[in-house]
Amino acid sequence: MTLKTMQPYLAVHVIGDKVLQTSAAPIAEITDQVREMAQRMIATMLAFNGIGLAAPQVGISLRLVTLGVPTRGNGNTPGEAVLLPQMPLVLINPRIISHCEETTMHEEGCLSVPSIYGHVERPSVVVLEALKLDGSRLVIECGGLLACCIQHEIDHLNGTLFVKRVISDEQYEIRRKADELKRRYGMMNYIRTSP
Ligand code: ZN
């Protein structure tokens, strides 16, 4: 007899892995398989204490992200008012359809780039279009940390890590640290199995 053990969370792929540099494919249909993947990604995001996770980070090259942005402050855009109380939230085929000129700087980190943080400047407010897990379509204006997180996760779907976007003053140091991570995780096939 064999005992099948179901890991509650998935392994996270780390900088250096090709899947993180690849543009992910759109999801054509929300099947049971997609719903199960979303649930396991939420479990993974929570286990690793992340506030967002994109499917390529668990080795799946599809356009799906999970968000677990904290509700602090609540913000002043419709997106923050509506979406923050719905966390953890699943977004399918998300895209930014417009953004404001004004930018905000946040210090970002990423489960795929463990222990490295850097400042990134991004549009302060974006209009997000996405499908929710129930198939309903969402078009909503988002600001604050939510806007930052959405842009960071959509970058993952396009094969871009935040380290490429850190402000120029921090570029040298972040590249040095990222190279060190790639060497270390290269010996483990760029896989991180525990938080
Ligand atoms: Zn990330």
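When a ligand or atom number is given, it counts from 1 through the structure's own listing order. Keep in mind that this is a model prediction, so the values were computed, not measured.
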Count, excluding waters, the protein N, O or S atoms that are closer to the Zn ion (ligand 1) than 2.8 Å.
->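 The number of such protein atoms is 3.
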
Same apolar cluster: [X] and [Y], side chain cutoff 4.5 Å:
X: Phe162; Y: Ile167; answer: no
X: Met45; Y: Val113; answer: no
X: Ile191; Y: Tyr9; answer: no

Linking Ile, Leu, Val, Met, Phe, Trp and Tyr by side-chain heavy atoms under 4.5 Å, what else ends up with Met187?
-> none

Compare all side-chain heavy atoms of Arg175 with those of Val163 and state whether any distance is below 4.5 angstrom.
-> no

Among Val127, Val125, Val126, whose side-chain contact (heavy atoms from CB on, under 4.5 Å) with His99 holds?
->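 The passing option is Val126.
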
